[in-house]
Number of protein chains: 2
Amino acid sequence: MSEIAPQSPITPSVAPEADPRSLATRQRLLETAGEHFGERGFAGATIREICKQADANIAAVHYHFGDKAGLYAATLAHAREQSGPRVMGATPGEMTWQQLSALPPAVRLREFLLAMLRRVLDKGKPHWHTQLWLHEMVNPTRELDNVVDSSIRPQWEGLRAIVRELTGLPDDDERVWLSTCSIVAQVLLYKHGSAVMARLYAGSPAQAFSPDRPLHEHELRLLAEHICSFSLGGLARLRADRQDAEPVTETTSTPTDPSTQQSKEHPC
Amino acid sequence: MSEIAPQSPITPSVAPEADPRSLATRQRLLETAGEHFGERGFAGATIREICKQADANIAAVHYHFGDKAGLYAATLAHAREQSGPRVMGATPGEMTWQQLSALPPAVRLREFLLAMLRRVLDKGKPHWHTQLWLHEMVNPTRELDNVVDSSIRPQWEGLRAIVRELTGLPDDDERVWLSTCSIVAQVLLYKHGSAVMARLYAGSPAQAFSPDRPLHEHELRLLAEHICSFSLGGLARLRADRQDAEPVTETTSTPTDPSTQQSKEHPC
DNA sequence: GCCCGTTTGAAACGTACGATTCAAACGCGT
DNA sequence: ACGCGTTTGAATCGTACGTTTCAAACGGGC
């Protein structure tokens with residue numbers, strides 16, 4: 001009586017074709033799972049909680065998705081396809097990729113950063129797709145490869161193209177990679193280090209940017225502005241010293257003096 | 001028979017004064033716990049594993065530290081005191097804070113970054129103190145306040161002082177905070193996003209900097225060099241536009257495209 | 001040498017969670 | 001209306017943990 005394989009197809013994988021509340025349940029599970037996984041990550045979320053909030057039974061998860069990992073994979077796929085067309089957070093109020101590509105790269109960088117900041121810092125439902133791979137970033141699961149290829153890399157390439165334009169460096173220059181990295185890092189810290197930054201910022205002049213509570217639109221813009229400006233400066237310097245592995249030079253030597261030196265040795 | 005308080009003092013907190021193997025066990029537990037917590041974080045580590053590797057009994061943990069949280073707190077305190085004197089990873093081969101303070105700020109920035117990179121990227125025992133609060137950063141526990149105040153903030157202030165010197169901005173300028181943030185972010189991404197970066201970097205010109213395996217000394221230096229250079233550029237730009245909230249300006253105008261148009265409609 | 005607080009060892013308990021089972025309910029084709 | 005594959009509900013199992021218990025072992029002070 002204790003056969004291994006029960007009787008169910010375990011993972012239909014494709015929608016089981018026109019069922020009254022089956023699809024509804026499946027859908028509800030995906031939505032709810034998205035929220036939970038987005039908030040707490042794969043390990044942190046429990047299928048019990050998800051099922052309770054989705055008004056579904058635990059058995060439904062196993063029927064539709066096989067197991068927790070299957071639900072997670074399906075949730076990622078679901079999030080992927082329903083936010084597929086948008087690029088870099090082109091939520092309703094924002095620009096499309098088409099519009100952006102007409103603008104100068106420096107402006108595009110700022111828009112990119114603003115959109116990314118919005119999605120990264122916004123807690124809650126609208127952007128749980130982003131929240132999902134932010135968790136995947138810190139606590140990778142077996143789904144990471146998919147997430148990187150289908151969600152992260154496109155945006156990475158978008159930013160890298162901007163960096164390439166801004167620096168004029170060839171595509172295969174490693175500094176383009178490193179700089180792209182430097183830029184996204186500035187955004188991501190506010191997510192991955194929010195608890196620490198909140199405490200460091202507490203009571204400081206930068207208090208308004210403390211990332212523990214939702215940032216207001218105004219602060220979000222200022223933050224994007226700072227990161228954009230800082231990054232443009234970094235990229236400008238990148239163009240300056242073309243020779244590789246050159247140690248720290250005399251740029252910005254004297255500290256508190258207001259002299260106008262900002263870049264002396266720029267050949268271009 | 002089921003009294004609440006057993007009979008033990010639960011948390012001696014101070015060393016129980018000259019005991020043959022008691023101190024030894026306590027010490028062994030602290031060391032092993034440090035490694036485990038550093039590798040997997042508080043939630044990821046199990047006291048069973050720790051005890052097994054430390055050749056101690058689970059009851060010993062309860063006796064010496066009360067519970068898992070107590071062991072964790074003690075581990076943090078232990079790590080703190082035994083790496084207290086050093087500042088920003090002044091491991092044997094590196095400079096002391098004293099020596100550094102004599103150098104120009106740009107050089108100090110580079111040394112700071114190199115030391116930080118070393119500690120952040122180095123997996124394994126020597127730097128599990130740093131690894132410990134890197135975990136605390138992403139998955140905060142009740143100990144976070146202590147960690148921030150006693151471990152993170154001193155180094156933050158050190159870096160902030162360098163930024164202040166490099167920009168000449170007053171102490172209470174929020175841009176100093178934001179820029180300090182931008183700098184540490186570049187280092188931390190290689191830790192918190194290592195899995196993703198490894199995949200993005202795979203097969204790219206920046207392949208050598210893929211943070212999934214230990215970086216060689218040479219790559220570590222190049223990485224520090226890049227972050228330093230990029231950051232100096234960002235800081236230099238910060239000095240340039242003194243007026244606040246100024247939108248993207250003409251610096252590093254579009255290279256591959258000759259048009260000089262930039263921000264048009266930005267009231268921000 | 002004996003008493004008593006301290007420390008250790010081995011086992012058990014309680015809980016949270018994912019996975020499993022199985023029968024009942026449902027819906028569709030005939 | 002009937003039978004059969006599909007879906008759901010409720011209960012149960014197995015495992016991994018942290019925690020607790022309690023008696024045995026230890027060691028210094030009388």
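Small disclaimer: the values here were computed from a predicted structure and weren't measured. Letters A, B, ... mirror the listed sequences (proteins, then strands); counts begin at 1. Below, each value reflects all heavy atoms present in this structure, side chains not excepted, and no hydrogens, waters or symmetry copies.
Residue-to-nucleotide proximity on DNA chain D shows that, of Ala60(A) and Thr46(B), the 5′-proximal contact is made by Ala60(A).
No salt bridge links Arg28(B) with Asp55(B); every basic N to acidic carboxylate O contact stays at or beyond 4.0 Å. For the pair Lys52(B) and Glu49(B), the salt-bridge criterion is met [side-chain N within less than 4.0 Å of a carboxylate O].
Comparing dG18(C), dG9(D), dT8(C) by their nearest atom to the side chain of Arg48(A) picks out dG18(C). Ranking dT8(C), dT21(D), dG9(D) by closeness to the His62(B) side chain, first place goes to dT21(D). Of the candidate nucleotides dA10(D), dT21(D), dA19(C), dT21(D) has the atom nearest to the side chain of Ala59(B). When distances are taken from the side chain of Asn57(A) to each of dT19(D), dT8(D), dT8(C), the shortest belongs to dT8(D).
dG18(D) atom C1' lies 12 Å from atom CD1 of Ile50(B), rounded to whole Å. The CZ-C1' distance, from Arg26(A) to dT8(D), rounds to 16 Å in whole Å. dC13(C) atom C1' lies 13 Å from atom CD1 of Ile58(B), rounded to whole Å. Atom pair Lys52(B):NZ and dG18(D):C1' shows a separation of 16 Å (rounding to whole Å applied). Rounded to a whole Å, the CG atom of Asp67(B) is 19 Å from the P atom of dG14(C). Here dA19(C) presents its P atom at 14 Å from CZ of Phe65(A), a figure rounded to the nearest Å. Between the C1' atom of dT15(C) and the NZ atom of Lys68(B) lies a distance of 14 Å, rounded to the nearest Å. Put simply, NE2 on His64(B) is 10 Å from P on dG9(C), counting in whole angstrom units.
Ring-plane geometry between Tyr190(A) and Tyr201(A) is classed as tilted, the angle between the planes lying from 30 to 60 degrees on a 0 to 90 degree scale.
Aromatic pair Tyr72(A)/Phe37(A): ring centres closer than 6.0 Å.
Residue Ile47(A) is classed as a sugar-phosphate contact, given heavy-atom separations below 4.0 Å to backbone atoms only. Residue Ala45(A) is classed as a sugar-phosphate contact, given heavy-atom separations below 4.0 Å to backbone atoms only.
Within 6.0 Å of CZ on Arg213(A) lie more than 12 heavy atoms contributed by other residues, nucleotides or ligands.
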